[in-house]
> 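Okay, handing you the structure first.
Below, read A as the first sequence line, B as the second, and so on, with proteins coming before strands; counting in each chain starts at 1.
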Number of protein chains: 2
Amino acid sequence: MGGFPTVTDVALAAGVSRQTVSNVMNSPGIVRTDTRQRVEAAIAELGYRPHASARRLRTRRSSTIGIRLDPVIDGISGSVLDRFLHAVTEQADAQGLRVLLFTATSPEDEIIQFRRLNDGADVDGFVLTSTFAGDPRTRWLIENGISFVTFGRPWGVDDMNDPQHLWVDVDGWSGLHAATRTQQETGARRIAYIGWPSPSGTGDDRRRGWYDAMIERGDVSERDLAELEIVTTDGVSQGTAAMQQLRQNAGQIDAVLCASDSLALGAMIANPERVPVTGYDNTPIAAAIGLSSVDQAVDEVAAGVLELLTGEFGGKVHGAPESAEPRHRMVTPRLVVREFAAIPMDVPR
Amino acid sequence: MGGFPTVTDVALAAGVSRQTVSNVMNSPGIVRTDTRQRVEAAIAELGYRPHASARRLRTRRSSTIGIRLDPVIDGISGSVLDRFLHAVTEQADAQGLRVLLFTATSPEDEIIQFRRLNDGADVDGFVLTSTFAGDPRTRWLIENGISFVTFGRPWGVDDMNDPQHLWVDVDGWSGLHAATRTQQETGARRIAYIGWPSPSGTGDDRRRGWYDAMIERGDVSERDLAELEIVTTDGVSQGTAAMQQLRQNAGQIDAVLCASDSLALGAMIANPERVPVTGYDNTPIAAAIGLSSVDQAVDEVAAGVLELLTGEFGGKVHGAPESAEPRHRMVTPRLVVREFAAIPMDVPR
DNA sequence: TGAATTCATTTGATCGATCAAACTTTTTTT
DNA sequence: AAAAAAAGTTTGATCGATCAAATGAATTCA
């Protein structure tokens, strides 16, 4: 009376037992049709909602996944993770999963949070972002038998095929390969690349996409290719500096590809000749100033992550034998082509 | 044995009863010191973690707050909400609160989600963002006696002092007033404002900050002030268009203030004279291109939200009589001043 | 027809914690 | 020193759902 109706109330109203009500909700198949309809009617009439905590206590599963909200470092590329978070939340919702956020100050601290959330039965598994080589978090999760899927492939030597590590990643190689090809098709020959210093898992991957496409085409000798490449840390002003350097030293340049939208924005600023610039991540900035960019297709990534997390392995590999089911997903990014727009357009001559 | 230790295990190990263990965790004050220490030792040794769902079932509270993850509309200003979300999560964590995300396609759908999460005892209360005039969500929450606090004041006629509606907001008036003053102090007289069409709660508020500061100073007649104001929808290209219009029609312009960083970025693009431009929200873009901007101080907002949510009223007002405790917080934004930088710097003459 | 199966539903126990009230022990009061 | 009050601790019941096993009803088989 006082509070919300419980299974017992519904059972009473429908003239059945608690368990039947439970069955209607969890295994409708085993309940006779007319009984089921009667129960459903009672549920609707009383406005019954299952008590999530009670269910979790009994079933020992929470239907909740934990995601660490990364500290906002670079606000520009950070938006990819925000979009990813949004996609995960949306698709999780649709599957009856909840998303619980937490923060951590370091990978070690994050492991403490894993422990806390897992022990308290708050979450069934985790989604990790921003993995890096020798990541202690994945090791710990595997050792403790906790379900997880990473957005980002493992960057260790042999880890990519580790059957215990489920992951989804975006094929940066393919993104830059396509971007390079697209420029080549419009007639560009000398295509420059502004990227990050090695070793950087994602960075090296993207660079190779450009490099391979350039070699395949053969317009530029392998030696000259070195001139067309600038290595720098990420940031807008670094992009500007790199672009200036290219214009001074690299001779003719038909197009510029960048490892990030930050670099691309920077490059655009020092781009009076309006050389086509392509960024990476398709951030709001790229959209705002009309910059082509490689879109990471976070929706697909999110779908893949949830599929792996809730799928056959439930995010982890019990002693399961070989299986046809692949344990990772490689998502092909989309190249978003935009006409040159905002920045150069209104610059005074 | 099999799973994690429970209160009973700890009690056994410490030679006390379940309830004493519970007391050590929830009301340490009533347990004798030596007993408490013994229990704490047992907790540490067994690595005991309370089972969150069991506790929630019994106490009927979840220590979790629900936040809707807004659809990413304008990616640029969206980052304010992301930063807010981050601040809330971080500070909630510190208070032992969890943050549960959800999405919704419309205010009506959001109300359905409120129901679901509240009935299932998933959350104790909600934090709402992006409130608008006549918001059906707040009305529904009040009617159903559910705790909530909004980031954003109620924009209805008399709602601001509604004692049932707890809110935290940023004083846009003060942000623009300060920005105007700052420009005036550097000698600027004719300061333009690019804002949004009325009625717009936040927009009108910001505009008035500029307007009042201009009137106070009296450098520009009330008539001329109209020339210095452009009304347009939000967006980068709209900002560019507005700036061009100002340059054509408004004569001398010493500075430009904008209702958003999107508009400010647009204005910067059509700004060969390097008139100082100030944006609003202090988004990553403003930082990236070196644009002054009004920062919403999301940390303070988050702190205020949690304070109200967990404070005296617990997010709602029971029949509580008049109280000295204010039911809202007005946060004063910070003006972040940046030297002119990226965009005009490398533009070729 | 009666026994063996299958299907549908019910009952009792349980998940892990906290509440409410009972019970002990210690401290204060008279 | 006995009675009263306070402090500290324990016991039984309970939150709301699901599990496991038992019961009853409908169906199939010999």
> Within the pair B:R32 and D:dT9, is there a side-chain N or O less than 4.0 Å away from OP1 or OP2?
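Yes, because at least one side-chain N or O of B:R32 sits under 4.0 Å from OP1 or OP2 of D:dT9.
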
> If you look at every strand shown and take non-hydrogen atoms under 4.0 Å, does A:R49 touch a base, only sugar-phosphate, or nothing?
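The answer is sugar-phosphate, as A:R49 gets under 4.0 Å only of primed atoms, P, OP1 or OP2.
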
> Which is true for A:V21 with a 4.0 Å heavy-atom rule: it touches a base, it touches only sugar-phosphate, or it touches nothing?
nothing

> Does the side chain of B:T59 get closer than 4.0 angstrom to OP1 or OP2 of C:dA17 through an N or O atom?
no

> Using a cut-off of strictly less than 4.0 Å, decide whether B:N26 has a side-chain nitrogen or oxygen near OP1 or OP2 of C:dT18.
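Result: yes.
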
> Could you tell me the separation between the CG atom of B:L57 and the P atom of C:dT14, rounded to a whole number of Å?
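Interatomic distance, CG of B:L57 to P of C:dT14: 17 Å.
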
> Please give, in whole Å, the distance from C:dA17 C1' to B:R61 CZ?
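Taking CZ of B:R61 and C1' of C:dA17, I get 15 Å after rounding.
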
> Distance criterion of 3.5 Å, no angle test: do you see the side chain of B:R58 paired donor-to-acceptor with the base of D:dG16?
no

> With no hydrogens and no angle check, just 3.5 Å: does a side-chain donor-acceptor pair link A:T150 and A:H165?
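A pair is found: one side chain offers a donor N or O, the other an acceptor, under 3.5 Å apart.
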
> Look at B:S17 and D:dT10 and indicate whether a side-chain polar atom (N or O) is within less than 4.0 Å of OP1 or OP2.
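Answer is yes, contact under 4.0 Å.
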
> In whole angstrom, what separates B:N23's CG from D:dA7's P?
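Value for this atom pair: 15 Å.
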
> Can we say B:R56 and A:D122 salt-bridge, meaning some charged N sits less than 4.0 Å from an Asp/Glu carboxylate O?
yes

> Once rounded to the nearest 0.5 Å, what's the spacing between atom CG of A:L100 and atom CG of A:D124?
11.0 Å

> Could you tell me how the ring of B:F151 sits relative to the ring of B:F84: parallel (under 30°), tilted (30 to 60°) or perpendicular (over 60°)?
tilted

> Distance check needed: C:dC7 C1' versus A:Q19 CD, whole Å only.
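Rounded to whole Å, this separation is 15 Å.
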
> Between B:D109 and B:R68 (salt bridge meaning N to carboxylate O under 4.0 Å), is one present in this structure?
no

> OP1 or OP2 of C:dT9 sitting under 4.0 Å from any side-chain N/O of A:T35?
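Checking C:dT9 against A:T35, a side-chain N or O does come within under 4.0 Å of OP1 or OP2.
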
> Which nucleotide in the set D:dA17, C:dT18, D:dT10 lies at the smallest distance from any side-chain heavy atom of B:R18?
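Between D:dA17, C:dT18, D:dT10, the one nearest the side chain of B:R18 would be C:dT18.
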
> Using 4.0 Å as the upper bound for N to carboxylate O, is an ion pair formed by A:E40 and A:R36?
yes

> Within the structure shown, what part of the strands sits under 4.0 Å from A:T8 by heavy-atom distance: base, sugar-phosphate, or nothing?
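Answer is nothing: A:T8 stays at 4.0 Å or more from every strand.
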
> Find the distance B:I30:CD1 to C:dC19:C1' and express it as a whole number of Å.
12 Å

> Just to be sure I understand the rule, does B:S53 reach a base, reach only the sugar-phosphate, or reach nothing, if contact means heavy atoms closer than 4.0 Å?
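Nothing, no nucleic acid heavy atom in range.
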
> Scan B:R36 against the nucleic acid and name what it touches under 4.0 Å (heavy atoms): base, sugar-phosphate only, or nothing.
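If one applies the 4.0 Å heavy-atom cut-off, B:R36 turns out to touch nothing in the nucleic acid.
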
> Quick one: label A:T20 by what it contacts on the DNA or RNA (base, sugar-phosphate, nothing), any heavy atom closer than 4.0 Å.
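Base contact.
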
> What is the nucleic acid contact for B:R56, judged by heavy atoms within less than 4.0 Å: base, sugar-phosphate only, or nothing?
nothing

> Report the distance from atom CG of A:D9 to atom P of D:dC15, rounded to the nearest whole Å.
11 Å

> Given atom NE2 of B:H51 and atom P of D:dG16, what is their separation to the nearest angstrom?
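Taking atom P of D:dG16 as the reference, NE2 of B:H51 is at 17 Å.
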
> In this structure, how many angstroms lie between the P atom of C:dA17 and the CG atom of A:D122, rounded?
12 Å

